[in-house]
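All values below were derived from every heavy atom in this structure, side-chain atoms included, with hydrogens, water molecules and symmetry-related copies excluded.
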Number of protein chains: 2
Amino acid sequence: MPTPPLTVDAIVATSRALLVEGGADAVVVREVARRLGVTAPALYRHVSGRDDLLTLLITACTDEVTDACEDALETCRPDDVEGRIRAATLAFRAWALDHRPEFGLVYGTPLMHYAAPVGGPTVEAGQRFGGLFGSLFVEALAAGRLRVVDDDQLSPGVRASLLDTATRLGLPMRAGEVRPFIVGWHRMLGIVSVEVAGHLRWVFGEDASTFAHEQLEELLAELLVPAGPRAGST
Amino acid sequence: MPTPPLTVDAIVATSRALLVEGGADAVVVREVARRLGVTAPALYRHVSGRDDLLTLLITACTDEVTDACEDALETCRPDDVEGRIRAATLAFRAWALDHRPEFGLVYGTPLMHYAAPVGGPTVEAGQRFGGLFGSLFVEALAAGRLRVVDDDQLSPGVRASLLDTATRLGLPMRAGEVRPFIVGWHRMLGIVSVEVAGHLRWVFGEDASTFAHEQLEELLAELLVPAGPRAGST
DNA sequence: TTGTGCAGTGAACAGTGTTCACCCTACACT
DNA sequence: AGTGTAGGGTGAACACTGTTCACTGCACAA
C-alpha cells in the first residue's frame, strides 16, 4: 500500500500522539517524520518548524476543548443557565483530566522558548473559548442569576480592565457584571490546573476528583444566586 | 586568578541562573560547565546527570520559598494568626512573581521526563513547606479563628484523605479542621499559578496584581472567622 | 619514592532542529 | 510532442544536546 499523502492534518495528528505519549518535549520533528514514513526535511514543506507545530497543536487542542464544552451544553434545557454553566465547567475539567499533556501545553506553565504568534490562530481559538463562557454569563445575567457587584465597589484599575475586556469581547455588561465571569474563569482554571498537575497528590493520592468537584460546586454557588422563583440580583 | 573550586553549590547556582534566563529547557549541562570554566564531563564528578541537577534545583527553590514565608512571619505579632497567615500567603505570591521560572519548575506543569526521587530531597523540602502552613492553621484553630466544618458533613473519601494527611503531618486535627488548610492551599496555589503563568493577561494585561491580591483576601475571609472579641468557630 | 584515588580532559555516540543542494515527478504552455 | 516549471521529497551537513569512556595530571598517604 502506498504511503498516504503528507498533509498538515496528518502531521498535527502524529505530533499530538507524541505529545500524549511523552509531553511537549517528546514532540520531536524527526520522530513525527519517522512515523509518517518520511524524512524530517519533508515536514518543512508543510510546517515552518517546531514552533509552528506547537502553534498548530495548541490551536487544535483549544478548539477541541471548546467543542467539548459546547457539546456539553446540549445536554441541558436551554433555559437552565446554571445547569449550562455547570455542564460547561465540568466538561472543561473532564477534558483536562482526560488530556493532561494537552491541557499542560495550553493552560500550563508557558514554554519559555515558545511565543504564540500575536493575533495568530492560538489567540483566535482562545477567544472562541472565552466567548463561549462569556455568553453563558450573559445568559445568567439576563436571567437575573448572576451575583453581580456595584461598579463603584471595584478598585479603579480592576474596573477599567473588566470594562475593557467586556467591550473587547462584545459583552454588553458593566464592570461589576463581568467580574463574576473573570472570577469564575480564574478560579476554575486554578482548581483544574492544580488537580491536573497533581499538586494535591500528597493529600488525596491519585484521585482528587470528589474534592475538586466540590470546589467547583462551591464556586458555582458563589457566582450564582439560587434559582428561587422571581429571584433577582441582590 | 585561579578558577574557584568546582562545588555542587556553584553548579546549582549556575543552573539557577540559566533557569532564570531561559526556563527549564535552558538548564543545559554543557552551558553550566562553560560558565564554570570547565568541560561538561567534569560536572558528572559532582552531579549524577541533568535530572540530579533539576532535583537539586527544585529542592533549593522550595527551601528558598519556605524561608521567604518563614521570614514574613517575623513581621507579625506572634498572637496575630490572621496576620501571620496573610503574611505567609503574600510572601508566597511575592516569591512566585519574583521567581516565575523557579515557580514554574516547582509548582507548574510537571516535566514528563523528570520524576522526583521518592522520599528524596524534593519531597522532604515540600514537607517542610507544607508543615509551615500547617502549623499556621493549627495556630488559627487554637485561637478559634478557623472556620471549621463538622466531620460528618464531609464525603467519606475526602474525610479519610484529610484525616490521613493530618496524621502524616503530625497535625492534631480532625478532618473538618484540616479541610480549611487544604482548601486554602489548593486555592492559593491555583490563584498564584494562574497569575504567574499569565493566563489573566487577556483581561488585566501584564499587571493582575490588585485582582489577584483581592482574590487572596477573599480566600482568607472565607477561611477565617472575623477577629471579634471572644469569637469562636460557628 | 611509590602508590592511589580524585578531578578534569578530549573524543566519541546517539540524538536534536534546521538548512542546503539536489532530484524526480506531475502538470502547463507553446 | 517537447519544454519549462514548481512542488514535494531526499541525503548530507552544521551546530547543538546528554552521557560515557579512556586517559592524564596532581595531591597526598604509606
Side-chain angles (χ1 to χ4, degrees), chain A residues 1-58 101 105 110-117 120 122, chain B residues 1-58 101 105 110-117 120 122:
Chain A
M1 139 179 146
T3 55
L6 188 53
T7 71
V8 179
D9 282 348
I11 295 175
V12 173
T14 310
S15 306
R16 172 97 180 252
L18 290 176
L19 173 69
V20 170
E21 289 173 30
D25 288 349
V27 179
V28 163
V29 180
R30 280 182 149 95
E31 178 63 23
V32 175
R34 221 166 284 141
R35 297 202 180 188
L36 290 168
V38 102
T39 61
L43 299 189
Y44 284 75
R45 302 284 171 192
H46 306 264
V47 156
S48 74
R50 189 168 182 269
D51 276 14
D52 193 22
L53 218 61
L54 292 179
T55 299
L56 290 168
L57 221 39
I58 292 174
L105 184 64
L111 308 173
M112 299 210 57
H113 283 94
Y114 169 79
T122 61
Chain B
M1 142 180 148
T3 56
L6 189 54
T7 71
V8 179
D9 283 347
I11 295 175
V12 172
T14 308
S15 306
R16 173 96 180 255
L18 290 175
L19 173 69
V20 170
E21 289 172 31
D25 288 350
V27 180
V28 162
V29 180
R30 279 182 149 94
E31 178 63 22
V32 175
R34 221 167 284 142
R35 297 201 180 190
L36 291 169
V38 103
T39 61
L43 298 188
Y44 284 76
R45 302 285 171 193
H46 306 264
V47 155
S48 74
R50 189 169 182 269
D51 275 15
D52 193 20
L53 218 61
L54 293 178
T55 300
L56 290 168
L57 222 40
I58 292 174
L105 184 63
L111 307 172
M112 298 210 59
H113 283 96
Y114 170 81
T122 61

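- Taking atom CG on Asp25(A) and atom C1' on dT16(C), their separation rounds to 12 Å, with Å as the unit.
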Begin from the C-alpha positions of Leu6(B) and Arg45(B) and carry the test side-chain contact (heavy atoms from CB on, under 4.5 Å) through to its verdict. CA-CA 10 Å; Leu6(B) 189 54; Arg45(B) 302 285 171 193; over 6 Å; no
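- What separates CG of Leu53(A) from P of dG17(C) is a distance of 9 Å, to the nearest Å.
- For Thr39(A), no side-chain nitrogen or oxygen approaches OP1 or OP2 of dG9(D) to under 4.0 Å.
- Of the listed nucleotides (dG8(C), dT19(D), dG9(D)), dG8(C) has the atom at the smallest distance from the side chain of His46(B).
- Checked against dT18(C), dG8(C), dT19(D), the side chain of Val38(B) finds its nearest nucleotide in dG8(C).
- Between the base of dT19(D) and the side chain of Arg30(B) there is a donor-acceptor pair shorter than 3.5 Å.
- In this structure, the side chains of Val29(B) and Val47(B) stay at 4.5 Å or more apart for every pair of heavy atoms.
- Side-chain atoms of Arg50(B) come within 3.5 Å of backbone N or O of Val27(B) as a donor-acceptor pair.
- Going from atom CG of Leu43(A) over to atom P of dT19(C) covers 13 Å, rounded to whole Å.
- One can place CZ of Arg50(B) at 6 Å from P of dG18(D), the figure rounded to the nearest angstrom.
- Going from atom CD of Glu31(B) over to atom P of dA15(D) covers 17 Å, rounded to whole Å.
- Leu19(B) CG to Thr14(B) OG1: the interatomic distance, rounded to the nearest 0.5 Å, is 12.5 Å.
- Distance from the side chain of Arg45(A) is smallest for dT10(D) among the nucleotides dG10(C), dT10(D), dG17(C).
- If you check dT17(D), dA12(D), dG10(C) against the side chain of Pro41(B), the one that comes closest is dG10(C).
- Atom CG of Leu54(A) and atom C1' of dT16(C) are 14 Å apart (whole Å).
- Once rounded to the nearest 0.5 Å, the distance linking CD1 of Ile11(B) with CG of Asp52(B) reads 9.5 Å.
- One can place CG of Asp52(A) at 10 Å from P of dT18(C), the figure rounded to the nearest angstrom.
- Taking atom CG of Leu36(B) as the reference point, atom P of dA7(C) lies 15 Å away to the nearest angstrom.
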